[in-house]
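Since the model is a prediction, treat every value here as computed from it, not as a measurement. Side-chain atoms are counted along with the backbone in the values below, which use heavy atoms only and exclude waters and symmetry mates.
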Amino acid sequence: MTGGAPPVRVLLVDDQALFREALATLLEVRVEIDVVGEAANGAEALDRVAALRPDVVLMDLHMPVLDGIGATRRLRVEHPGVRVLALTTFDDDEDVFAALRAGAVGYLLKDVSSERLVEALLAAARGESVLQPSVAAKVVARFARMTDDDLAPRPQPLVVPLSDRELEVLRLLADGGSNREIASALFLAEGTVKNHVTNVLAKLGARDRTQAALRARALDLI
C-alpha cells in the first residue's frame with residue numbers, strides 16, 4: 001500500500017466453502033489486503049476474531065449456528081475495534097437495517113465488483129461507512145420519512161461540546177467527504193483530519209460516520 005501502510009487484515013465469514021475460497025483467491029492477489037482466516041458461521045467468526053485480530057470482518061448474514069446479525073452484535077460489544085462489513089445476497093429492508101443496527105459499518109451485495117469490494121474493505125478499516133447504492137437509497141428514504149416525533153425524545157446535548165474545527169469537519173463528513181477531501185477543503189493534514197473525526201465520533205457517541213451525521217442532524221449541529 002502507499003506510504004508503507006500495512007495491509008488490511010480481513011476475516012471471511014460465509015457458510016459456503018466454495019464462495020469463501022473464491023473470495024480468498026480474489027483478495028489475496030491484492031497487496032492492500034491480507035486474508036488472515038475464514039469462518040463458516042457466526043460462532044466460528046467470534047473465535048477467529050479473538051485469535052486472529054482482523055481489522056475487518058467480511059460477514060455473510062444468513063448462516064447456521066449463529067447468523068451474521070447476531071455475530072455482528074456480539075463483535076460490537078466484545079471487539080469494538082473490529083469493523084464488520086456485511087456481504088450478502090439480499091438487500092431487503094429487514095436485513096439492511098438489522099445489520100446496521102447491529103453495528104455493521106457497511107452493506108454490500110455479492111454482485112459487487114472486486115475493485116469496489118477492495119475499496120470498501122479499505123474504507124471500512126478507516127472507520128468509514130460503505131453502502132451499496134440500492135442500500136444507501138433505502139437509508140436515505142427511511143431518514144426522509146422520519147418526523148420530529150420519530151426523533152423524540154431528542155438526544156441530550158453533548159457533554160463535551162465540539163470545537164469550531166470539529167464542527168467544520170463534521171459538516172464535511174456529513175456531506176460524504178473522505179478524510180482526504182476534508183483535509184483538502186480545510187487545508188489540513190490528512191492525519192489531523194483523522195484525529196478530528198475520531199474525536200467527533202467519540203463526542204457524539206457514534207460508531208461510524210453515518211451514525212455521526214444522523215445524530216448531528218438530530219441535535220441540530222449541522
Side-chain angles (χ1 to χ4, degrees), residues 8-11 13 42 45-46 48-50 53-61 66-88 91 93-108 119-132 135-136 138-140 142-143 146 150-151 153-163 166-167 169-179 181-182 193-222:
V8 173
R9 295 168 56 81
V10 177
L11 176 70
V13 185
L46 294 172
R48 298 289 191 276
V49 167
R53 300 292 178 178
D55 300 308
V56 181
V57 175
L58 198 56
M59 182 83 75
D60 189 21
L61 297 185
L66 178 63
D67 66 18
I69 302 296
T72 299
R73 191 177 295 114
R74 288 271 304 274
L75 286 173
R76 181 183 177 185
V77 174
E78 297 172 17
H79 302 280
V82 176
R83 311 292 182 176
V84 176
L85 183 59
L87 180 67
T88 188
D91 67 345
D93 289 8
E94 183 177 348
D95 280 349
V96 169
F97 293 107
L100 297 179
R101 282 194 298 268
V105 301
Y107 195 109
L108 297 175
E119 290 175 358
L121 288 168
L122 298 179
R126 295 192 297 266
E128 300 173 11
S129 296
V130 184
L131 297 176
Q132 190 98 358
V135 173
K138 292 177 184 293
V139 174
V140 171
R142 172 73 66 91
F143 183 76
M146 294 176 70
D150 294 322
L151 296 174
R154 297 179 67 82
Q156 293 294 316
L158 298 180
V159 175
V160 181
L162 298 175
S163 68
E166 288 167 348
L167 281 170
V169 169
L170 176 59
R171 293 186 187 101
L172 293 170
L173 176 157
D175 287 337
S178 66
N179 287 353
E181 291 167 338
I182 295 172
V193 170
K194 182 178 180 180
N195 290 336
H196 283 315
V197 170
T198 299
N199 291 337
V200 167
L201 295 182
K203 288 182 179 182
L204 287 171
R207 64 174 178 269
D208 56 40
R209 298 162 82 98
T210 299
Q211 190 176 69
L214 292 173
R215 289 188 176 176
R217 291 189 177 99
L219 287 164
D220 292 327
L221 293 174
I222 56 177

Would you name the heavy atoms of [X] and [Y] that are closest together and state the gap between them?
X: Val13; Y: Ala45; value: CG2-CB, 3.7 Å
X: Ile182; Y: Gly177; value: CD1-O, 3.7 Å
X: Pro54; Y: Val57; value: CG-CG2, 4.1 Å
X: Gly42; Y: Ala71; value: CA-CB, 3.6 Å
X: Ala123; Y: Val130; value: CB-CG2, 3.6 Å
X: Ala124; Y: Val105; value: CB-CG2, 3.8 Å

Find the distance between [atom1] ([X]) and [atom2] ([Y]) and round it off to the nearest 0.5 Å.
X: Thr88; Y: Met59; atom1: OG1; atom2: CE; result: 11.5 Å
X: Leu85; Y: Leu108; atom1: CG; atom2: CG; result: 4.5 Å
X: Leu170; Y: Leu201; atom1: CG; atom2: CG; result: 9.0 Å
X: Leu87; Y: Asp60; atom1: CG; atom2: CG; result: 7.0 Å

What residues, two or more places apart in sequence or in another chain, satisfy side-chain hydrogen bond (donor to acceptor under 3.5 Å, both in side chains) together with [X]?
X: Asp67; answer: none
X: Arg48; answer: none
X: Gln211; answer: none
X: Arg101; answer: none

So do the side chains of [X] and [Y] get within less than 4.5 Å of each other, counting heavy atoms only?
X: Leu221; Y: Leu204; value: yes
X: Leu66; Y: Leu46; value: yes
X: Asn199; Y: Val169; value: no

Partners meeting side-chain contact (heavy atoms from CB on, under 4.5 Å) with [X] (sequence neighbours left out):
X: Ser129; value: Asp208, Thr210
X: Ser163; value: Arg165, Glu166
X: Asp95; value: Leu61, His62, Phe90, Asp92, Tyr107
X: Arg171; value: Leu167, Glu168, Ile222

The test is side-chain contact (heavy atoms from CB on, under 4.5 Å); show your working for Leu131 and Leu100 and say whether it passes. CA-CA 10 Å; Leu131 297 176; Leu100 297 179; 4.1 Å; yes

Any salt bridge (Lys or Arg N to Asp or Glu O under 4.0 Å) pairs touching residues 68-85, not counting sequence neighbours?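 Only Arg74-Glu78 qualify under salt bridge (Lys or Arg N to Asp or Glu O under 4.0 Å).
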
For Arg126, what residues pass the salt bridge (charged side-chain N to carboxylate O under 4.0 Å, His left out) criterion, not counting sequence neighbours? Glu128

Using the side-chain contact (heavy atoms from CB on, under 4.5 Å) definition, which of the options Val200, Leu214, Val197 pairs with Arg209?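 Per the side-chain contact (heavy atoms from CB on, under 4.5 Å) rule, the option paired with Arg209 is Val197, out of Val200, Leu214, Val197.
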
